[in-house]
Amino acid sequence: QHLGPDDIDEAIVRNSSILYLEGYLWDPPAAKEAFKKAAAISHAAGHQVALTLSDSFCVDRYRDEFLELIRHKVVDLVFANQHELKSLYQTADLDTAIRAIREEGVLAAVTLSEQGSMVITREETHKVPAQPIERLVDTTGAGDLYAAGFLSGLAKGVDLVDCARLGAIAAAEIIQHYGARPNQNLLNLASQNGLKL
C-alpha cells in the first residue's frame, strides 16, 4: 500500500521479461507513479507489461484509469475474469466486452471459471478448456495462479494456447485445497499434461 517510485529497483525491472502489475494496488497516488515508472523502465528495455484487473469493484473505481493504461500502451497484456472484463466496458454481454478488448490491440487472457479461459488478440480468439479437477475446495488464488502459469509460458516463448493451458493447470491445482500456495510441483503437473517449459 505504501509502494512509491523510489521503491522501484530499476535493475530488477530491466532484467525481467514481463512486469506484472496488480490492479488492487492502484489506489494510492504514489503507487500509481510507481506503476508508471516501472512500466516505462520495462518498455525501455524491450519487455512487456501485464496488468490484472483484480476485482470488479476495483474496475468500477478505476475504469477510466485502467482504460487509459491500456489505450496509452502502458500495458501490453490484460488479465481479467469475465465479470471484470464486462465491468471494464460497462456491458452485461461478454461478447460485447470481448469485441471491445480486441479493438484495444492488447493481448488479453480472460478466465471463465469452470468454462476455462479465452486468449484474445486483435487477430484471433482462442478458447481453452478448464483443467479437470476432482473437487473444488477454495478458489482463493485461482486468478493469480492462472496468471503465473500463463506468464511463465509467455516468458519462455510458449504459444498462447499452451500459456492458457499452463494457467489452467496452475489454477486447478490451487482450487483443490485451502491456501494460496501450490501443494504440488507445477512444473511436474505441466509435464504430466504434455507441456514442456
Side-chain angles (χ1 to χ4, degrees), residues 13 16-27 29 31-113 115-130 142-155 157-168 171:
V13 175
S16 302
S17 61
I18 304 169
L19 174 68
Y20 181 69
L21 303 174
E22 176 67 60
Y24 273 130
L25 298 179
W26 186 249
D27 288 300
K32 294 177 185 182
E33 294 309 312
F35 272 41
K36 291 175 183 176
K37 176 181 177 180
I41 295 166
S42 183
H43 281 150
H47 302 311
Q48 293 178 291
V49 178
L51 169 70
T52 177
L53 297 184
S54 298
D55 184 274
S56 295
F57 296 111
C58 194
V59 176
D60 288 341
R61 282 197 312 276
Y62 297 113
R63 179 178 296 106
D64 291 342
E65 292 175 70
F66 287 167
L67 285 169
E68 185 177 320
L69 292 174
I70 293 167
R71 291 173 179 164
H72 287 97
K73 307 302 181 197
V74 176
V75 299
D76 311 292
L77 167 57
V78 175
F79 286 98
N81 66 35
Q82 58 188 319
H83 308 294
E84 294 157 2
L85 189 67
K86 289 189 287 187
S87 176
L88 185 66
Y89 293 105
Q90 295 181 286
T91 179
D93 181 60
L94 181 59
D95 289 336
T96 299
I98 290 167
R99 283 193 298 274
I101 194 75
R102 180 181 293 118
E103 289 303 310
E104 304 289 5
V106 294
L107 172 61
V110 181
T111 56
L112 310 167
S113 298
Q115 300 300 314
S117 66
M118 300 176 82
V119 182
I120 303 159
T121 68
R122 190 183 290 280
E123 296 78 25
E124 55 192 0
T125 298
H126 300 282
K127 180 88 186 293
V128 180
D144 292 324
L145 266 289
Y146 176 89
F150 190 103
L151 291 172
S152 68
L154 192 65
V158 173
D159 72 69
L160 295 177
V161 170
D162 283 345
C163 287
R165 288 184 61 212
L166 286 165

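Count residues from 1 along the sequence. Hydrogens, waters and symmetry mates play no part in the numbers below; they use all other heavy atoms, side chains included.
- Using a 4.5 Å heavy-atom cutoff, the side chains of Glu65 and Lys32 are in contact.
- Using a 30° and 60° split on the angle between ring planes, Phe66 and Trp26 fall in the tilted class, from 30° to 60°.
- Heavy-atom minimum distance, Tyr146 versus Ser117: OH-OG, 3.0 Å.
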Decide yes or no on side-chain contact (heavy atoms from CB on, under 4.5 Å) for Val158 and Arg165, but give the supporting numbers first.
-> CA-CA 10 Å; Val158 173; Arg165 288 184 61 212; over 6 Å; no
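- Residues Phe79 and Ala147 approach most closely at CE2-CA, 3.8 Å, considering heavy atoms.
- The structure places CG of Leu160 at 11.5 Å from CD1 of Ile120, a figure rounded to the nearest 0.5 Å.
- Here the side chains of Leu69 and Leu51 are in contact, with some heavy-atom distance below 4.5 Å.
- Contact detail for Pro129 and Ala168: the closest heavy-atom pair is O-CB, 4.1 Å.
- Minimum heavy-atom separation, Glu104 to Lys73: O-NZ, 2.7 Å.
- Rounded to the nearest 0.5 angstrom, Ser16 OG and Gln48 CD are separated by 12.5 Å.
- Between the CD atom in Glu22 and the CG atom in Leu53 there is a gap of 10.0 Å [rounded to 0.5 Å].
- For the atom pair OH of Tyr62 and OH of Tyr24, the computed distance is 13.0 Å after rounding to the nearest 0.5 Å.
- The CZ atom of Phe150 sits 11.5 Å away from atom OG1 of Thr111, with the distance rounded to the nearest 0.5 Å.
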Val161 vs Val119, side-chain contact (heavy atoms from CB on, under 4.5 Å): CA-CA, chis, key distance, verdict | CA-CA 7 Å; Val161 170; Val119 182; over 6 Å; no
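- With contacts defined as side-chain heavy-atom distances shorter than 4.5 Å, the pair His83/Val59 does not qualify.
- The closest side-chain donor-acceptor pair between Ser87 and Asp60 falls under 3.5 angstrom.
- Residues Lys37 and Val13 have side chains not in contact (no heavy-atom distance under 4.5 Å, counting atoms from C-beta outward).
- In terms of heavy atoms, Leu166 sits closest to Gly153 at CD1-CA, 3.7 Å.
- Ala155 approaches Ile18 most closely through the heavy-atom pair N-CD1, 3.9 Å.
- Residues Tyr89 and Thr96 are not in side-chain contact: their nearest non-hydrogen atoms beyond the backbone lie 4.5 Å or more apart.
- Between Val78 and Leu88, every side-chain heavy-atom pair lies at or beyond the 4.5 Å cut-off.
- Looking at Phe35 and Val49, their side chains never come closer than 4.5 Å, going by heavy atoms from C-beta outward.
- Residues in residues 74-97 take part in no salt bridge (charged side-chain N to carboxylate O under 4.0 Å, His left out) pair, two or more places apart or across chains.
- One finds the CZ atom of Arg122 at 10.0 Å from the CZ atom of Arg102 (value rounded to the nearest 0.5 Å).
- No side-chain heavy atom of Tyr20 sits less than 4.5 Å from a side-chain heavy atom of Leu77.
- In terms of the side-chain hydrogen bond (donor to acceptor under 3.5 Å, both in side chains) criterion, Glu68 has no residue partners (sequence neighbours excluded).
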